[in-house]
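Report on the following structure.
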Amino acid sequence: MFTMKHFLVVLVRATLLLVVLVSVAGAKEKVILDTDMVVLYDDGVAMMMLANHPDIDLLGVTIVPGNTWLSEGTAYALRQLEVLNRTDIPVAIGISYPLRAARYETIQVEREMFGYNSSYTGCFARIEPASYLEVYRKEYRSAPKIKPVDKHAVNFLIDTIKANPGQVTVMPIGPCTNLAIAIRIAPEIIPLIKRVVYMGGAFDVPGNTTPAAEFNWWFDPEAAKMSVRAPFADQLIVGLDVCEKYHFNKKIFERITAVDTPIAKMFKRKYGPEFEKDPNYTRLVWDTIAAAVVIDPALIVEEETRWVDVNSDYGLDYGRSLGYRRQGPAGTQKARILLAIDEKRFWNLMVDLLTK
Ligand code: BDR
Ligand code: CA
């Protein structure tokens with residue numbers, strides 16, 4: 001017989017379930033952005049999109065060398081967070097150099113031996129500045145209002161993931177050096193990470209730095225290999241296969257600069273002269289696609305799951321991404337490789353987040 005007691009038990013359970021469902025639905029997506037930061041495209045814009053979205057809780061920005069040295073990336077991250085009025089978001093400085101010893105010293109010879117697909121070598125093309133303060137003062141003629149946290153990026157990753165088990169999306173949108181060292185020091189964080197969303201790799205298209213390799217994974221192939229081989233619950237790879245399909249152009253620029261905001265001013269300063277020189281100027285926006293699919297997974301139109309790996313043999317294929325449709329080599333894991341997004345929805349999302 002269904003008594004009042006039964007009724008109350010059912011009521012309490014239903015209420016508890018509702019509370020859980022509501023809190024899960026209302027919970028923000030927790031993200032750590034691991035980045036070789038630049039001003040605006042592409043890492044800077046990716047950070048702006050995440051920081052400006054109401055459903056994203058950007059727990060921190062960890063800095064890795066790649067496009068920029070740590071000192072440069074840190075100065076640019078601090079400055080752009082100041083512009084966004086998001087000085088509450090912690091910035092942590094990471095590992096100084098890629099894992100292979102003497103990479104910087106031998107880079108020119110290496111490029112001659114393995115071939116070029118572009119002349120771009122990121123920070124390797126410049127002398128490393130002494131400090132982020134020096135970079136900031138030189139670029140912005142003032143002192144930063146905020147400073148990086150007093151914790152190494154690797155420890156920041158480990159501690160933040162442990163404090164939020166099963167909830168954090170880690171986004172390496174630069175070389176994977178910080179993540180690789182974090183999972184080596186504390187492998188117990190691997191099952192605690194909700195998912196890893198990389199910008200990196202080139203599976204069925206040529207590399208953009210050497211004929212074999214995409215820049216981020218070329219910069220530190222050993223770290224990329226250690227990362228993609230970790231048994232994370234979910235790995236999504238936003239590589240050149242998808243990124244090279246979408247181009248920023250004058251129309252998007254005009255939509256972003258139609259408002260009078262600090263971001264619009266930055267866009268005008270950086271890209272205005274390009275469009276003046278050539279109205280048909282376009283550029284790729286790599287990392288922003290990774291940010292967009294984290295914010296709005298419904299943007300994904302096509303993806304393929306493969307066992308993935310990165311070649312770390314020091315030779316012509318150094319840094320090449322490998323994707324196996326059947327079982328991959330021992331130790332490889334499955335990952336989702338992004339192949340297409342809803343383009344209109346993507347630009348609308350970006351414009352919306354940059355014009356707030
Ligand atoms: C990737 O390399 C970096 O230069 C960009 O920021 C992007 O993450 C593209 O190959
Ligand atoms: Ca990047």
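When a ligand or atom number is given, it counts from 1 through the structure's own listing order.
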Centre of Tyr324's six-membered ring, under 6.0 Å away, within 45 degrees of the axis: is that where NZ or CZ of Arg306 sits?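 No cation-pi geometry.
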Distance-only donor-acceptor check, side chains [X] and [Y], under 3.5 Å:
X      : Y      : result
Glu214 : Thr209 : no
Glu222 : Tyr318 : yes
Asp220 : Thr177 : yes

Heteroatom test (N, O or S) for Asp42 near the Ca ion (ligand 2), limit 3.0 Å: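 Short answer: no, not a single N, O or S atom is under the cut-off.
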Is there an N/O/S atom in Ile173 at a distance below 3.0 Å from the Ca ion (ligand 2)? yes
Sole candidate of Leu299, Val238, Val301 that passes side-chain contact (heavy atoms from CB on, under 4.5 Å) when paired with Leu338: Val238
Report all N/O contacts between ligand 1 and the protein shorter than 3.5 Å as a table of atom names and distances to 0.1 Å; if there are none, say 'none'.
unit_1	atom_1	unit_2	atom_2	d
ligand 1	2 (O)	Asn216	OD1	3.2
ligand 1	4 (O)	Asn67	OD1	2.4
ligand 1	6 (O)	Asp42	OD1	2.6
ligand 1	6 (O)	Asp42	OD2	3.1
ligand 1	6 (O)	Asp43	OD1	2.8
ligand 1	6 (O)	Asn67	ND2	2.9
ligand 1	6 (O)	Asp287	OD2	3.2
ligand 1	8 (O)	Ile173	O	3.0
ligand 1	8 (O)	Asn216	ND2	2.9
ligand 1	8 (O)	Asp287	OD1	2.6
ligand 1	8 (O)	Asp287	OD2	3.2
ligand 1	10 (O)	Asn208	ND2	3.0
ligand 1	10 (O)	Glu214	OE2	2.5

How about Phe248 and Tyr281: are their ring centres within less than 6.0 Å of each other? no
Considering only N, O or S atoms, which atom of Asp36 is nearest to the Ca ion (ligand 2)? OD1
List the steps and the verdict of side chain to side chain donor-acceptor pair (under 3.5 Å) for Thr305 and Arg336. CA-CA 4 Å; Thr305 297; Arg336 295 186 286 138; 5.9 Å; no
Take the Ca ion (ligand 2) as the vertex and measure to OD1 of Asp43 and OD2 of Asp287; round to 10°. 70°
Check the pair Phe215, Phe219 against ring pair (Phe, Tyr, Trp, His ring centres under 6.0 Å), reporting the backbone distance first and the verdict last. CA-CA 6 Å; Phe215 178 80; Phe219 195 92; 5.8 Å; yes
